[in-house]
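Heavy atoms only: backbone and side chains are in, while hydrogens, waters and symmetry mates are out. Below, chains carry the letters A, B, ... as their sequence lines are ordered, and counting in each starts from 1.
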Amino acid sequence: MRLHDKSVFPNDLNLNGLTGLSGELDELLRRKDEHMGPMTIFALRTRYIIGRMAEYSKDEISRIEDKWRSAWAKNKVYQTELDISKPKYYVLDMFPYPSGAGLHVGHPLGYIASDIVARFKRIKGFNVLHPMGFDAFGLPAEQYAIEHGIHPATSTQQNIQNFKRQLGKIGFCYDWSREVQTCDPSYYRWTQWIFLQIFESWYNRKEAKAERISSLIACFETEGNISHPFPNLKFRTPSGSDSFTATQWKTYDEKTRREILMNYRLAYLAHTDVNWCEALGTVLANDEVINGVSYRGGFPVVKRQMRQWSLRITEYAERLLSGLDQIDFSESMKDIQRNWIGKSTGCLVTFKIKGLTPGPSPEERGRETANKKYWSILKAYSKDLRKNQTKAESILWEELRNSKLGHKIRRQHVIGIFIADFTCLDKRLVIEVDGDIHLQTEEYDNARTEFLHDEGFAVIRFTNDEVSSDLNNVLSKVKKTLDELPSIKRSSSLSEPAPMTIGGEGRGEVLTVFTTRPDTIYGVDFMVLAPEHPLVAEITTESYRKEIDAYLKYVESRSEIERMAEVKRVTGCFTGAFAINPISKKETPIWISEYVLAGYGTGAIMGVPCGDERDHKFAKHFKLPITNIIGTFYSGEEANPSYEATLENSGAFNGMLMRDAVPAIIAELEKLGVGKRQINYKMRDAGWSRQRYWGEPFPVIFRDDVPYAMEEKDLPLTLPDSDNFKPSGNGEGPLANLTDWIDFASGEKRDSNTMPTHAGAAWYFLRYMDPHNQKEFAGRKSLDYWNQVDVYIGGSEHAVAHLLYSRMWVKILHDLGYLNFDEPFKKLINQGKITGDSRFVYRVRGANKFVSAGLIDQYETDPLHVDISLVEGLELDTDGFQRSRPDYASAKFILENGKYICGSAIEKMSKSKYNVVNPDDIIDKYGADTLRMYEMFLGPLEQSKPWSTNGIDGVYKFLRRFWNLFHDSTGKFGVGNDAPTKEELRALHKTLKKIESDIENYSFNTSVSEFMICVNELSSLKCNKRSILEPLVIALSPFAPHIAEELWSLLGHPNTILNATYPAFDEQYLKVNSHAYPISINGKVRATMEFALDMPKEDIEKLVLASEILKKWSEGKPPKKVIIVQGKIVNVVL
RNA sequence: GCGGAUGUGGCGUAAUGGCAGCCGCGCCAGACUUAGGAUCUGGUGCCGAAAGGCGUGGGGGUUCGAGUCCCUUCAUCCGCACCA
């Protein structure tokens, strides 16, 4: 029956008997009774009863929605099978982290959009994969466990159940039989397996793809590492070289080989600078640190060295970058990724340092490696030692000095924190004599040797006896070792440039910088090193040492946060040294400054003040001369980074456009052997270890401190049960406490770290394709069929980490032959964030009194968040507010116009701000279909917007009107079988066309609007014809599946509407034969005239010119020009 | 500072270079014999009594015609932030 039809009201109804039937009715009566007489109450009850009896009422909605939800579940209508006879379509949501707070109305926004796409694609004939799962490992569950003593597994499962309950109510068409949970051993077994594939792979730069580590070993065995040098230039073989031959490889023991391989593996263990957060007791990834504090909790973060797993994602930088051209992500999303990868093309340039002769002095060499703090102490001590040598040392020193070894030997040389007895720097060899005055234990010697190895030195050791009794043997041994070791190149001429790395050999006489602007080489007025640059100690002259030390101290004292906060501050210090420009030969001073970062490029720059803003500020601040090489492009006040200037003061390059000078100068630098082309990336390798309990354990076993992959048959390595989740705080995670699990009787050990949540999320979309496979992460047939995700919907906050790691993992699996695609997501849509609309009350300081927002100027107040359910618009329900908290029960209110008006602010939706809107409440009130359509109606999907329930009535009314099209005035279902009219067909087909194109364009708000227009039109046409309404139900079904399914069933279809076919729209119904032309005069519309669409322009022109309206405006003058666009507009220019 | 996005009624928003404001909220008026957080009908950009004029953040340009294209400027939001 119609909701507004009063005739059905039963006259003999006993109203009293109804009291208490519904709490809501009571509530209505209580709120109203002071203003209402008995008739009002009577009317209210009437309305309530009519509402209950109407077909599409609140109760009826929940009956319909519940009925279909259980029917869908029972009949497994969402279960998807691999069916190669059908084209596939893969619609994916970013799976949620199941937080304890449950869903708020912002979460479903993207899910609703993807659900519409999935349902639409299905009725368009696709085999649609639309799965859902949970990103269930992670820090919050662990922190909750620490605070509340509930095991993460327990709380996570509870949260998942709650999420599933909430998601279930919205009517999504997820195939829950494919659900994955990253914390499930049957899932993370394969996360671990993929990790091992990555561990057992290396990146072949020649082929630009990952390969099995076995291919690398085969290569080493035949030619050493000549073709594939260490990816990280800092690494050295035990003998201190950056290369080795096949013969050498064969002499290495197992451990050494593994150490060398570790430097190639795509998942590798290394001492890396990590972001250590003391408060969380864990390490954070770069993207988890924001402005020097943790993204969660805002705790301070410091740099710390730890032995960590990393993924060598930098090897994929180029492919991650170029892959962006193949995929349909928004430009801003691509830009964020490009920015993160941070590719810059430029070149390395080597400057000689004035006054430093090739081959540094022992002091300089020692200082280079010594910890600054110990340097002076060690130096003094080494002098001491030289005077008090043991007898054996003296004998050996005399011989080494006099024998013609061909290499310079130094004695009592400081290396790091040790003083080596004898050192050959050319060969990186240390010769030690165990003397009686050293009194060191064997352990001490071992530690020493290990340290020296790390520094790239080979060590040979002799006893006192050997030296005194068999000196010749000792000398020949030394000679033999020296011959075997490769010489480290020392450059002393331009034709033989030094290896251009920070950590490499050859430092001391040259300084290498990275620049993207080689064209400005003549404009270099100074050089700047990062304070941490290893050359700093070496080049600083005596007269500047004090100042430099003071500056270094200052830099050390500054925390990361301070440096971030004062980015624009200019600080620095002159070292006293000068560099010689390799092209202009000009001498420029070398400074140090914190604005140069040690971690990027070479940690050193050439300062070009006329072309770089930072250099310019630096030059101005320290009153350094500025060479202008760009003429009028440089104002003297501001640097100009243009490429368009013509070079001046640039020697042979004068008159050249800078743009052209870039390649020309690089060529010149390369010719002179002082530069080479170089590409740098900002992106760093991804730290992959977390000192946490609630994550995937690393499937490796350490033997002699070397990690070995576990065998596939032993996976999963399950997370051991524990009730101690507190990090030890010293860098080891909670797993370190479980010694039974960590330690083996054999002395072998497990890794105490776990993987980050990114691990499980990096490949879950592949597991959905074949979620129950026990033998593989997913079967090849499924992977080939379902292939790439056709559309991926989720928040833009995952732009960097998740999307880059997923893309990397897919590329690796592709390279290793498991996938036939190397980008996971064809198209990405970022739904906008739905923010909360908070309300505030203003408490008068020192009193239990609240002031309305308009009057706060007159008091000293503190704003307090108030629960939005207690506020209607901006007006506070003061009674409800008093009831909500006992301490406010006696609160006084200072009202304006008899009302308490709240303040408001748009903020993130969160429990603590009392502004969370739970979709459950909306569904209880209006039903899931209304929620779905209203969320889509709010605005464009990708736009962020504050949540407001204002306007939801419009959508609710629309559904009711839609429902009423199928029902007569008595509420009885019934559709007519008459032939449709032209107007009705037109209304239908216009809508079918628009909905289809809107969904393809992800423009769901305009779809909802179009449905409303259509229903408005059909209502005024009083259309109840099956031939019109049936197709319309199908078109609406992706948006409002429950009501659509009910009507579909009422229309007599036994099968679910999910298996219907989207009706084809027919262009012929949209055709019209005349058009109301707007007649504009001088661009302003003055009238409309109806002409047949096929009327020739000439006829239109005649009719228009003859019309009254033109006579009125032209005042008899002939028109200058008449523009007629057929089917559009007529414009007359006077 | 760099990069990206967005600026349209009281509000959310809509407009293949062709009648700016579709659709909805809100508001106003009316109908349903009283009542009304229901329903239905009509109205609703601004100024103006009207004729008409003015209107898409501001300024310029291209065009017969610009919310839409170009230049410039301002504001807001997001991302990155001393990356040489």
Residue pair [X] / [Y], side-chain donor-acceptor N/O under 3.5 Å:
X	Y	answer
A:Asp615	A:Tyr595	yes
A:Tyr551	A:Thr571	yes
A:Thr1006	A:Ser1003	yes
A:Tyr1002	A:Glu942	no

Pairing partner (Watson-Crick or G-U wobble, both distances under 3.5 angstrom) of [N]:
N	value
B:C69	B:G61
B:G52	B:C47
B:U39	B:A31

Considering only the C1' atoms, how many Å lie between B:G52 and B:U8, rounded to the nearest integer?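 Nearest-Å result for B:G52 against B:U8 at atom C1': 24 Å.
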B:C25 and B:U44: how far apart are their C1' atoms, nearest whole angstrom?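 Going atom to atom, C1' in each nucleotide, I get 13 Å.
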When you get a sec, tell me which of [options] is the closest nucleotide to the side chain of [X]?
X	options	value
A:Leu597	B:C23, B:C19, B:A84	B:A84
A:Thr516	B:A84, B:C19, B:C23	B:A84
A:Ile336	B:G79, B:C19, B:G24	B:G79
A:Ile1129	B:A14, B:U39, B:G18	B:G18
A:Arg961	B:U13, B:C40, B:A84	B:C40
A:Lys945	B:G18, B:U13, B:C23	B:U13
A:Met1012	B:G24, B:G18, B:U39	B:G24
A:Ile605	B:A14, B:C22, B:A84	B:A84
A:Thr1006	B:G18, B:G24, B:A15	B:A15

Can you measure [X] atom [atom1] to [N] atom [atom2] for me and round it to whole angstrom units?
X	N	atom1	atom2	value
A:Gln1126	B:G18	CD	C1'	14 Å
A:Asp953	B:G12	CG	P	18 Å
A:Glu594	B:A84	CD	P	19 Å
A:Lys1097	B:C64	NZ	P	14 Å
A:Lys343	B:C80	NZ	C1'	19 Å
A:Ile1124	B:C19	CD1	C1'	17 Å
A:Glu1017	B:C23	CD	C1'	12 Å
A:Asn339	B:G3	CG	P	10 Å

Side-chain-base donor-acceptor pair under 3.5 Å for A:Asn1131 and B:C64: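 Yes, the side chain and the base share a sub-3.5 Å donor-acceptor pair.
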Between the protein and nucleotides 69-74 of chain B, are there any N/O to N/O pairs under 3.5 Å, and if so, what are the atom names and distances?
none

Name the nucleic acid region contacted by A:Asn680, choosing base, sugar-phosphate or nothing; use a 4.0 angstrom heavy-atom cut-off, strictly under.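 It contacts nothing in the nucleic acid.
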NA contact type, A:Lys1120, heavy-atom cut-off 4.0 Å: base, sugar-phosphate, or nothing?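 Nothing: the residue A:Lys1120, judged by heavy atoms under 4.0 Å, touches no strand.
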Looking at residues at least two apart in the chain, or sitting in another chain, which of them share a salt bridge (charged side-chain N to carboxylate O under 4.0 Å, His left out) with A:Asp924?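 A:Asp924 satisfies salt bridge (charged side-chain N to carboxylate O under 4.0 Å, His left out) with A:Lys169 once adjacent residues are dropped.
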Just confirming the chi classification of B:G9, syn or anti, using 90° around 0 as the syn window.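 For B:G9, whose glycosidic angle is within 90° of 0, the conformation is syn.
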Does A:Lys1121 or A:Arg1086 map to a spot on RNA chain B nearer the 5' end, using the closest nucleotide for each?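 Final value for this comparison: A:Arg1086.
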Hey, which of these two, A:His1075 or A:Asn1082, hits RNA chain B nearer its 5' end, going by closest nucleotide?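 Nearest nucleotide further toward 5': that of A:His1075.
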Cation over ring, A:Arg960 on A:Phe962, under 6.0 Å and within 45°?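 No.
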Please find the pair of heavy atoms, one from A:Val1133 and one from A:Asn1082, that lie closest to each other, and give the distance.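 Looks like CA-OD1, 3.5 Å.
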Please evaluate residues A:Ser1080 and A:Asn1131 with respect to the criterion side-chain hydrogen bond (donor to acceptor under 3.5 Å, both in side chains), reporting the C-alpha separation (whole Å), side-chain torsions for both, the decisive distance (0.1 Å), and the verdict. CA-CA 5 Å; A:Ser1080 61; A:Asn1131 190 13; 3.1 Å; yes
Just checking A:Glu638: does its CD atom have more than 12 heavy atoms from other residues, nucleotides or ligands closer to it than 6.0 angstrom?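 Open.
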